[in-house]
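Some notes on the structure that comes next.
Everything numeric here is computed off the predicted structure, so don't read it as measured data. We count residues from 1, following the sequence as given.
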Amino acid sequence: MQQISWRHHYIPEFYLKGFANENNQFAIYSTRDNKFKQDGKLFSPESHFFKKQDNTIDDLKKSLTDLLEKHYAELDSKFAPIFNKLNAKSCSHDYWK
């Protein structure tokens with residue numbers, strides 16, 4: 001039986017990874033609380049900014065499918081290299097002088 005994804009990231013993982021350190025982790029700052037989540041603990045992109053079962057649908061056969069999540073994953077894999085190239089180019093310029 002095929003594994004059904006249960007996380008739907010409303011911020012794509014490839015975008016979150018653009019903010020991650022060399023260990024693929026980042027801190028999360030809460031603007032509501034004006035502090036870092038769990039005192040600056042580092043988190044992986046897959047662990048945050050998702051809704052459970054948000055792209056899981058019941059099909060007509062009374063089974064679950066994650067067709068939408070698979071479609072988004074395919075799109076994300078096409079956009080990620082473009083985003084990474086743009087991100088690398090903007091980091092190579094010193095816009096703050």
Side-chain angles (χ1 to χ4, degrees):
M1 186 168 149
Q2 186 177 356
Q3 178 90 15
I4 301 291
S5 65
W6 59 272
R7 294 179 193 177
H8 168 64
H9 284 85
Y10 45 88
I11 302 175
E13 281 187 80
F14 76 84
Y15 186 80
L16 294 172
K17 287 177 181 178
F19 296 94
N21 65 13
E22 61 278 351
N23 295 322
N24 201 29
Q25 295 180 314
F26 54 78
I28 299 171
Y29 187 80
S30 170
T31 56
R32 181 183 61 214
D33 301 329
N34 286 328
K35 64 178 188 174
F36 283 97
K37 183 175 182 174
Q38 294 184 13
D39 296 321
K41 177 181 175 181
L42 297 177
F43 300 94
S44 67
E46 76 173 11
S47 68
H48 281 76
F49 307 109
F50 67 87
K51 291 175 94 176
K52 292 181 180 178
Q53 307 296 343
D54 203 43
N55 280 340
T56 306
I57 337 171
D58 286 325
D59 67 11
L60 297 175
K61 299 175 189 170
K62 301 284 184 189
S63 60
L64 297 176
T65 180
D66 60 350
L67 179 67
L68 285 174
E69 186 66 26
K70 289 177 182 164
H71 177 68
Y72 290 139
E74 186 178 318
L75 288 175
D76 287 353
S77 67
K78 291 178 181 177
F79 292 135
I82 298 167
F83 174 80
N84 290 336
K85 283 183 182 179
L86 291 171
N87 193 25
K89 289 219 180 263
S90 18
C91 289
S92 67
H93 293 69
D94 190 359
Y95 292 109
W96 303 107
K97 285 188 177 180

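- The hydrophobic cluster containing Phe36 does not contain Leu42, counting ILVMFWY residues as joined when their side-chain heavy atoms lie under 4.5 angstrom apart, directly or transitively.
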Pair up each side-chain donor or acceptor in residues 20-30 with any protein partner under 3.5 Å, not counting sequence neighbours, and list the distances.
from, atom 1, to, atom 2, distance (Å)
Asn21, OD1, Asn23, N, 2.8
Asn21, OD1, Asn24, N, 3.2
Asn21, OD1, Gln25, N, 3.0
Tyr29, OH, Asn34, O, 3.3
Ser30, OG, Arg32, N, 3.4
Ser30, OG, Asp33, N, 3.0
Ser30, OG, Asp33, OD2, 3.4

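- Under a hydrophobic clustering in which Ile, Leu, Val, Met, Phe, Trp and Tyr are joined whenever their side-chain heavy atoms come within less than 4.5 Å, directly or via other members, Leu75 and Tyr15 fall into the same cluster.
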